[in-house]
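First comes the structure, then the notes that go with it.
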Protein chains: 4
Amino acid sequence: MAMVCLSDFEAYAKKYLPKIAWDYFAAGADDCTTRDENILAYKRIRFRPHMLRDVSVMDIRTKILGSEISFPVGIAPTGFHQLAWPDGEKSTARAARAMNTCYITSTYSTCTLEEISTAAPGGLRWFQLYIHRNRAASQQLVQRAEALGFQGLVLTADLPYTGKRRDDVRNGFCLPPHMKVKNLEQAFEVCKMSLLDPSVTWNDIYWLRSLTRLPIIIKGILTREDAELAVRHGVQGIIVSNHGGRQLDEGPATIDALFEVVEAVRGRVEVYVDGGIRKGSDVLKALALGARCVFIGRPALWGLAYKGEEGLQDVLRILQDEFRLSMALAGCASVSEIGLHLVQFSKL
Amino acid sequence: MAMVCLSDFEAYAKKYLPKIAWDYFAAGADDCTTRDENILAYKRIRFRPHMLRDVSVMDIRTKILGSEISFPVGIAPTGFHQLAWPDGEKSTARAARAMNTCYITSTYSTCTLEEISTAAPGGLRWFQLYIHRNRAASQQLVQRAEALGFQGLVLTADLPYTGKRRDDVRNGFCLPPHMKVKNLEQAFEVCKMSLLDPSVTWNDIYWLRSLTRLPIIIKGILTREDAELAVRHGVQGIIVSNHGGRQLDEGPATIDALFEVVEAVRGRVEVYVDGGIRKGSDVLKALALGARCVFIGRPALWGLAYKGEEGLQDVLRILQDEFRLSMALAGCASVSEIGLHLVQFSKL
Amino acid sequence: MAMVCLSDFEAYAKKYLPKIAWDYFAAGADDCTTRDENILAYKRIRFRPHMLRDVSVMDIRTKILGSEISFPVGIAPTGFHQLAWPDGEKSTARAARAMNTCYITSTYSTCTLEEISTAAPGGLRWFQLYIHRNRAASQQLVQRAEALGFQGLVLTADLPYTGKRRDDVRNGFCLPPHMKVKNLEQAFEVCKMSLLDPSVTWNDIYWLRSLTRLPIIIKGILTREDAELAVRHGVQGIIVSNHGGRQLDEGPATIDALFEVVEAVRGRVEVYVDGGIRKGSDVLKALALGARCVFIGRPALWGLAYKGEEGLQDVLRILQDEFRLSMALAGCASVSEIGLHLVQFSKL
Amino acid sequence: MAMVCLSDFEAYAKKYLPKIAWDYFAAGADDCTTRDENILAYKRIRFRPHMLRDVSVMDIRTKILGSEISFPVGIAPTGFHQLAWPDGEKSTARAARAMNTCYITSTYSTCTLEEISTAAPGGLRWFQLYIHRNRAASQQLVQRAEALGFQGLVLTADLPYTGKRRDDVRNGFCLPPHMKVKNLEQAFEVCKMSLLDPSVTWNDIYWLRSLTRLPIIIKGILTREDAELAVRHGVQGIIVSNHGGRQLDEGPATIDALFEVVEAVRGRVEVYVDGGIRKGSDVLKALALGARCVFIGRPALWGLAYKGEEGLQDVLRILQDEFRLSMALAGCASVSEIGLHLVQFSKL
């Protein structure tokens, strides 16, 4: 079977992953409306392509928080990569480094931050954090990540409690006994995520700020109101995200929320987006609407499930080729030429 | 089979209820457009969730007409509960009391008001009334209900004649011989509902008012014009309802009509809504649009069909958990924080 | 099988009619978009029902061009009723008279106007006319109809040429040899409809006017421009029609065009509508949007196919009952209370 | 099987062409959204037909760049006609001449321009050009075409690189060994289209202008900005096209882009459109929105696949008959009567 586009990897993963793992990765909250809307919303955005631009030399590189990446697609934080591939996050880190892009490593990794750093030294990585009831544990994690050379701290804001993912409830989802959430001091049972602190507020950004010199990126913002609060509380970046539709069902699709957030932010911090990216042209749309870069979640897991590090590189390479081609066909030779003039909302 | 969400109960009821009973409960008028729109219309409303609010302590209680209920979901009036479970409305009353919420008891109960009261003494109950051609019979019912401690009188306004429910016509729907509409003096054949008085007008509210000191809630209002009339005629509450889509097909979905009614009422009386509630987040949407509380019809019957009192409690508990979770994920720690800012209408 | 609603008759006709006859009656032009839109467009109109009106005494009678009919549904002109039932238009005429409504008799009848008149003397009938190249033949038809007591002349304006109905082309549709278009002097082969005159213009209304004292109703108007022309040329009525979607595909649904025509006409002549009526509530919507009366085409043929005169009466009686019920549920006790306030266009 | 409408030819071609050829002709880029939207967008445009116009004498001729054609439908440039029929472009040229319309011959023909000219001398033909990295080769082609009597030069602007057509990638699409792209000096392998020059800009129009006295038509314009540029750079015509949805997926449907381009051009040059034409009424819509003429791509290939020259004539004749009929049913007797008043956008 030729792997031509990302849905080929999805089909592969669905076929070969254990059902409980596939269900966990695929899960959306409640009716999965938002999970599916993340994809459908891209379809409602249409290009206004321009012709006869010189696109013989294409430059698809960009910078996020000052670091250059080979193209504006990074790896979103997702947990439990060993469910997809034995080497887990070590493979992810190697693939991201090989493709010269950013990998946001989840707190809920099945490899330790140290293992990940050792596997792919020098790779651009940000560390994703949930704030735990045990603040000392969170503090320690942040400081470990900083010491290991992670270059950004991503605070996930949309999970005071875990969303209701029906299939996980039906499956009684738990990590298999030989996998652990190794980053946390006492390896815990993931089924009971009550370690997370639902009392976190905007003021905790200041607390995080006091712990680290890393730039803080907040993930999970969907409205202009929260975007304004994020800027005021001094974050360096915002990831427009609905957690892949796994938290509150029937909120906005991320690409719909992106424009509102970009407008509110007015360039004061960088804005990124995740959720629903399935083609290179989706990346182009996100950038046209003001994203600095996008992050992929499930497609990265499908790549891992296919062939580990190599499979994830395949996924990234396909996105890269598709992104470059769609830029050229829309009449842009470099990322700096991408703008709002490239898109319109469909009548559909 | 794990009962994870309300559609699990629906599937169970469809599988195990006698076809004639399932069809009767499921029936909508004509093409069932409004019945189905009640659900679809919720999908077109999208949340605007807010992050990093302290949601560690959740308060989901509310008050309706001064009575506290454990969360803003009550039981809508539906007839013939013995079709779903042998104990019929006695089970319903016990479940509602156990969950500390309000049960609107239908005139068309298969248990008497006295049996229901005895089954669950002290429970918060309202009595639903159709006005019969024999006004004395209606008067007697109202006064019996008041004497038995019912705390509200719900006048159904949308059934001068019974809607055309095709499956009921095909099935020749009738109560089985061992069930009776026990509240009415002469137990009558339900197939011939011509006992109802189609000449009822707004002035009959004054007549009802003269019979009882109970608050009067009018059920079946769908427009601002009628909402204004209801307020002027002195009702204490309005239930925005289209009778589960069983009366006039192709009227508005109730959640669409709710906002219009709330605007017209301007806080002068409490407004509730029924129809199409299938998830806790639907409750949150209804409250965001101004409902004080919602009422569930068919889902309560599915719960009864599953395990009687216990099954209905399961249904209520699932809604309660889902409502609490969606509130938290939207950034609200108490019902008083829910407002219009939480929602927007989808582009779809 | 119980015949509960009009689609039951449709299913019967589809099952029992010869395929070539079913296909002919069912046919729409090209992709059948307009044929289907005629039905779908009704779905996009939603009621705003009003409660607690005295609907104990219902009056559903109306008058068209001064003649009272039992309810505002007549029989649209369709050809070749013997394809549906051996007695053909004689049965149609009897059923219409029995139900006290108007039957617009087609030029393309398989019974003569004389046979039809004899079958149901005293019934309210209008005569539908195509203008033929042979004007004398048309003149003779008009004068025969007037002499036989037909009370209106319906000029079909939308068939300068026959629309492209793919199934008829595939089937090589022709009347079976034992049926004839008996009204025309030389019974002709229907396959070649080139007898019709495509040079007819508005001025030919004056010519018709000169032939008869009957009121002239023009059928096939879909725009305000043409409605204005019709009024100026002195017609007494307009039937908003797209020929059941059999002529120009992808024009407006008739219920969508109705409002535009009604607005243009400003009460100067009566406006009717056909196409897509499948339920009593569709009739209510059409009247709310300004139609004086509706006409049914295919449903009448299904009724004939079911049981001839009796089957058509069944169809009319179902529509009558449904219309009366939907009026009552919307809060109207008589046709004069129906108005624009009863409807709104759906967000869908 | 009767060939009644264009989809009959499509079904035939899908059934009888080799899969690799069918897939190549049918291919759209990425998710094929734009390919399918080209068709769906026509459905959203509705006619406003006018009645009782004299349509007894129909004149469907038009002129493009001064040349009369029998009706406003030409043959769009598509490659590799031998994949559909052994005689390839020679058959296409004969059919176009027989039907007295314009055939835009593709650079990527499997017959030489000389063979095509000889096959149908005197036919109206334009030559479609891609600009190659080897400019001398392009220049030679242009001059050969001019010398052979081609009457227009169509520059395709939307293919700096080939779009990603997944099925072609999966099939490893290549021309079979016995077919060649004969127009190019060194017959090359089509799989590697890197001969095309992605550095082409608007200034290259001036270069083309310097090579030939033929009118230059630019193909692939989708926005008002590019339409303005095209006019300013001196082209004589614009073909609104998205390359049949084979280049940038999720750009506008061509019929949606047409109106924007027509408005921008304000009559300064002729505007044509291709993509999604499947019925004669689509042609009428395109003309109503301002196109001078439309061009068909895939339907021409289906006609070839059916019966070569004769099959393509069948396709053109069906379109011609349907176009004439829809004009008459809309109330237009000649092309000059077609205008914006004939259409509106659907509520759907």
Side-chain angles (χ1 to χ4, degrees), chain B residues 29-31 33-34 37 40-41 44 131 133 155-172 196-205 218-227 229-230 233 238 241-243 246-253 256-257 260 345-346 348, chain C residues 1-9 11 39-58 255 276-286 288 317-333 339-348:
Chain B
D30 294 331
D31 290 336
T33 301
T34 296
E37 266 294 298
L40 294 171
R44 292 191 291 266
I131 297 182
R133 292 180 193 270
L155 176 67
T156 297
D158 58 7
L159 202 138
Y161 302 97
T162 303
K164 181 171 182 176
R165 304 160 196 169
R166 294 176 186 167
D167 283 347
D168 286 350
V169 179
R170 291 184 211 287
N171 293 337
L196 302 189
D197 184 353
S199 78
V200 173
T201 66
W202 287 100
N203 285 331
D204 290 295
I205 306 275
I218 189 161
K219 174 171 173 282
I221 300 305
L222 292 166
T223 61
R224 69 174 65 82
E225 304 90 284
D226 280 1
L229 285 169
H233 284 81
I238 292 173
S241 173
N242 51 31
H243 217 110
R246 299 162 77 85
Q247 288 294 103
L248 181 64
D249 198 25
E250 301 180 2
D256 288 336
E260 172 177 335
F345 284 85
S346 149
L348 278 184
Chain C
M1 182 188 182
M3 306 307 268
V4 173
C5 58
L6 266 56
S7 42
D8 294 333
F9 292 82
I39 294 172
L40 294 171
Y42 275 100
K43 292 266 168 213
R44 292 191 291 266
I45 299 167
R46 294 290 159 85
F47 289 113
R48 294 179 57 79
H50 295 106
M51 304 300 148
L52 299 188
R53 269 64 175 175
D54 178 350
V55 289
S56 55
V57 180
M58 300 294 301
I255 192 66
I277 301 282
R278 296 295 179 268
K279 297 186 297 184
S281 59
D282 295 336
V283 183
L284 180 57
K285 288 176 181 176
R317 209 173 290 115
I318 285 173
L319 274 178
Q320 201 174 62
D321 291 343
E322 289 180 347
F323 173 62
R324 187 189 296 110
L325 178 57
S326 62
M327 268 180 66
L329 297 182
C332 299
L340 205 47
H341 63 286
L342 286 187
V343 292
Q344 63 188 354
F345 284 85
S346 149
K347 286 173 199 164
L348 277 184

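Chain identifiers are assigned alphabetically (A, B, ...) following the order of the sequence lines, protein sequences preceding nucleic acid strands; residue numbering begins at 1 within each chain.
A salt bridge links B:D256 with B:R44: at least one charged nitrogen is closer than 4.0 Å to a carboxylate oxygen.
Between C:L319 atom CG and C:D321 atom CG the span is 9.5 Å, to the nearest 0.5 Å.
Of the two parts of C:D8, only the side chain, counted from C-beta on, holds a non-hydrogen atom closer than 4.5 Å to a non-hydrogen atom of chain B. No part of B:N242 comes within reach of chain C, as not one of its non-hydrogen atoms sits under 4.5 angstrom from that chain. Contact annotation for B:R133: neither backbone nor side-chain heavy atoms come within less than 4.5 Å of a heavy atom of chain C. Heavy-atom distances place the backbone of C:I45, and not its side chain, under 4.5 Å from chain B. For B:I205, the part sitting under 4.5 Å from any heavy atom of chain C is the side chain, from C-beta outward, and nothing else.
Among the candidates C:K43, C:K279, C:K285, the residue making the largest number of heavy-atom pairs closer than 4.5 Å to chain B is C:K279. Options B:D158, B:D31, B:L229 differ in how many heavy-atom pairs under 4.5 Å they form with chain C, and the most are formed by B:D31.
Using a 3.5 Å distance cut-off with no hydrogens or angles, the side chains of B:R165 and B:Q247 do pair a donor with an acceptor.
Every residue two or more places apart in sequence or in another chain that forms a side-chain contact (heavy atoms from CB on, under 4.5 Å) with C:D54 is listed here: B:S199, B:T201, C:S56.
Put simply, the side chain of B:S241 never gets that close to the backbone of B:K219: no donor and acceptor are under 3.5 Å apart.
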